[in-house]
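Before any comments, here is the structure.
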Amino acid sequence: MKVDVKKINLKENDLPLVILGVLEEAKEDIMLKEINEIVGEILELGDFKGKPGQISLVYTQGSIPTKRLLLVGLGKEEKLTTETIRKALGNSSRKARDLDVKKVGVNLDFFSREKLDIVEITEAIVQGIVMGSFQNITYRTEKLEKYKKIDELQVFSETVEEDIMKKGTVSGKIIAEAVNQCRTLAWGPANYITPNFLANEALRLEKETGIKTTIFDREKVEEIGLTSFLAVARGTKEPPKFIIMEHGANKQGVETVALIGKAITFDSGGISLKPGQNMEKMKADMTGGAVVIAAMEAIAKLNINLHVVGIVPATDNMPSGTAYHPGDIITSYSGQTIEVINTDAEGRMILNDALTYAAKHFEPKAMFDFATLTGAMMIALGEHAVGYFSNHDFVVDKLEEASKSSGDKIWRMPLWEDYDEQLKSDLADFKHTGGRPGGSITAARFLSKFTMDVPWAHLDIAGAMEQSSDKNYNPKGSKGPAVRLIIDVLRNW
Ligand code: BES
Ligand code: MN
Ligand code: ZN
């Protein structure tokens, strides 16, 4: 989608459709007067109340050059945030797309309020439209031209200077496209989105941005001793890849932050095979890896002034004659021994080696891992929030601040030592699962053994990875969870 800006009055602009935000109980709002002048006393009828999520299409019938206005409710003024705006634009974007409007205008003046930052509002508008109208048609055979699609977005204002608006549209587009890229990878089928496919994405980033990419194949992984990762990969013929991406490797005097993403390209459960129902959803068990790859692209495009290392261990988890068994004892890259209890707890097997690798070789100031790690997290928080665990308040502060600006909801979970007794093994240093009680917490406790005291947060995105119907700026399918969050963490660093 092409995104541009223009300093122009609503009545002079000439577009097929313009989106206007309207507050609830906005009788006194000066912006309301302007709409009434164009389309008559439409709001007086009371059909459109400006409630959040409410949308109304109005035809201007020649009173101004623009043909259609899409009024979108913003709710009460005192509750207005950039997230309200992002959601409102997300809903409107699909409405505009379904009308087959190729160029959509958004009048910034109808969204800006004094308490909100103008660049942040502009960014939220672009994000809402670009994320909300996302669709993936790469696997359909019908001609591309048959699909409705918004080609162009114009953000305009009578008063705001174009270079200010431009700031918001440029970053908004980069970030929204990263979310969409994450969704495309996460929701893509396992026979296409293989470890090799992800490795090629990382190599594309090397070509197109300044990112430095290193890929370890099975032999190299074995040679280095990433044995816990390899234990999972042993069950599949699909070549595993241990992907390392670096942004800002040559920057002087900047801090290093590591991002680690679980990329199980298909999680059958392995020898501890999952039941058949819903197993197809496990194509998205590489969402954490997709978060990291997509975020790395945005980080490079925004040229964030940090050294950011992205590590994505990628493999299928399959049952076979060579697969790892329940009861196996694996010596991890950290040197600690792990008793495998259930081969379906494969995420923590591949992540522990990646965490140790990051801590040892890059000595980061902080590490963040993203993983569709436990069904228990879905039970605990449902689809609306990402549960996270952290060993350090400094990382917690960064996440909470970024959650506010990005709109990505997060909730801190406990990481108390008490849970370690569930991980006691008769034979090895620890078991890798602790039974059903507190399943997300014991998983996080397990990972905490491999962080080498680096300030760290583990984000369990299993609940928030997808949704079952179109809502706000998330169309049905993968949500691209925590992509905006982590970009904001790094932007605000
Ligand atoms: N990838 C799954 C977790 C998952 C389940 C994510 C459903 C999204 C939706 C993970 O590898 C897994 O299977 N976890 C097990 C752990 C258990 C064996 C300790 C689980 O949650 O049941
Ligand atoms: Mn599993
Ligand atoms: Zn899994």
Side-chain angles (χ1 to χ4, degrees), residues 182 186-187 190 193 195 198 228-229 231-236 238 240 260-291 312-319 323-328 338-354 369-387 389 413 419 422-423 425 430-447 458-468 477-482:
C182 174
W187 220 237
I193 312 296
L198 296 178
S228 188
F229 168 62
V232 177
R234 266 179 35 202
T236 179
E238 195 67 52
I260 292 117
K262 168 181 171 181
I264 293 295
T265 40
F266 189 76
D267 182 12
S268 70
I271 296 298
S272 314
L273 195 65
K274 285 182 182 296
Q277 200 172 19
N278 288 330
M279 204 203 267
E280 77 283 0
K281 300 228 157 157
M282 287 300 113
K283 68 179 183 180
D285 207 23
M286 34 57 72
T287 301
V291 169
V312 177
T315 178
D316 269 359
N317 180 28
M318 297 294 280
Y324 76 138
H325 326 92
D328 280 1
I338 301 164
E339 183 185 3
V340 174
I341 300 302
N342 183 325
T343 62
D344 196 11
E346 82 298 335
R348 60 200 84 180
M349 293 298 288
I350 70 168
L351 284 174
N352 78 67
D353 273 356
D369 78 70
F370 305 84
T372 48
L373 203 65
T374 63
M377 184 52 79
M378 199 145 67
I379 302 298
L381 296 181
E383 70 173 34
H384 299 291
V386 170
F389 305 78
M413 302 282 292
Y419 291 84
Q422 286 169 247
L423 297 175
S425 163
F430 16 80
K431 297 197 295 191
H432 89 313
T433 64
R436 280 169 63 85
S440 306
I441 308 171
T442 48
R445 278 305 303 176
F446 175 82
L447 292 179
H458 155 59
L459 289 85
D460 192 333
I461 55 176
M465 73 179 189
E466 60 157 284
Q467 68 186 23
S468 52
S478 171
K479 292 206 276 192

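Each ligand, and each atom within it, is numbered from 1 in the order the structure gives.
In terms of heavy-atom proximity, Leu198 sits nearest to Ala263 at CD1-CB, 3.9 Å. Here the shortest heavy-atom pairing between Gly270 and Ser268 reads N-OG, 3.1 Å. Nearest heavy atoms, Gly289 versus Val312: CA-CG1, 3.8 Å. Closest approach of Met349 and Tyr324 over heavy atoms only: CG-OH, 4.0 Å. The heavy-atom pair separating Pro195 from Asp316 by the smallest distance is CG-N, 4.3 Å.
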Side chain to side chain contact (heavy atoms under 4.5 Å, CB included) evaluation trace for Ile341 with His432: CA-CA 6 Å; Ile341 300 302; His432 89 313; 4.2 Å; yes
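Taking 2.8 Å as the limit, the number of protein N, O or S atoms around the Zn ion (ligand 3) is 4. Here 4 is the count of protein N, O or S atoms positioned under 2.8 Å from the Mn ion (ligand 2), waters not counted.
Lys262 has no carboxylate O lying under 4.0 Å from a charged side-chain N of Asp369, or vice versa, which leaves the two without a salt bridge.
For the 3.5 Å distance criterion, the side chains of Ser228 and Asn352 qualify, holding a donor opposite an acceptor. Thr374 and Asp460 are linked by a side-chain donor-acceptor pair at a separation below 3.5 angstrom, with hydrogens and angles left out of the test.
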Can you list every pair where an N/O of ligand 1 is under 3.5 Å from an N/O on the protein?
unit_1   : atom_1 : unit_2 : atom_2 : d
ligand 1 : 1 (N)  : Lys262 : NZ     : 3.3
ligand 1 : 1 (N)  : Asp267 : OD2    : 3.3
ligand 1 : 1 (N)  : Asp285 : OD1    : 2.8
ligand 1 : 1 (N)  : Asp285 : OD2    : 3.0
ligand 1 : 1 (N)  : Thr372 : O      : 3.2
ligand 1 : 11 (O) : Lys262 : NZ     : 3.3
ligand 1 : 11 (O) : Asp267 : OD2    : 3.0
ligand 1 : 11 (O) : Asp344 : O      : 3.1
ligand 1 : 11 (O) : Glu346 : OE1    : 3.0
ligand 1 : 11 (O) : Glu346 : OE2    : 2.9
ligand 1 : 13 (O) : Lys274 : NZ     : 2.9
ligand 1 : 13 (O) : Asp344 : O      : 3.0
ligand 1 : 13 (O) : Asp344 : OD1    : 2.9
ligand 1 : 13 (O) : Asp344 : OD2    : 3.1
ligand 1 : 14 (N) : Leu373 : O      : 3.4
ligand 1 : 21 (O) : Gly375 : N      : 2.7

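Residue pairs meeting the salt bridge (charged side-chain N to carboxylate O under 4.0 Å, His left out) criterion with at least one member in residues 435-446, sequence neighbours excluded, are Asp420-Arg445.
Using the six-membered ring where Trp is involved, His458 and Phe389 have ring planes that are parallel, under 30° apart on the 30 and 60° scheme.
Taken to the nearest 0.5 Å, the CZ atom of Phe229 stands 11.5 Å off from the CD atom of Glu346. Remark: Met377 CE to Leu459 CG distance equals 9.0 Å, nearest 0.5 Å.
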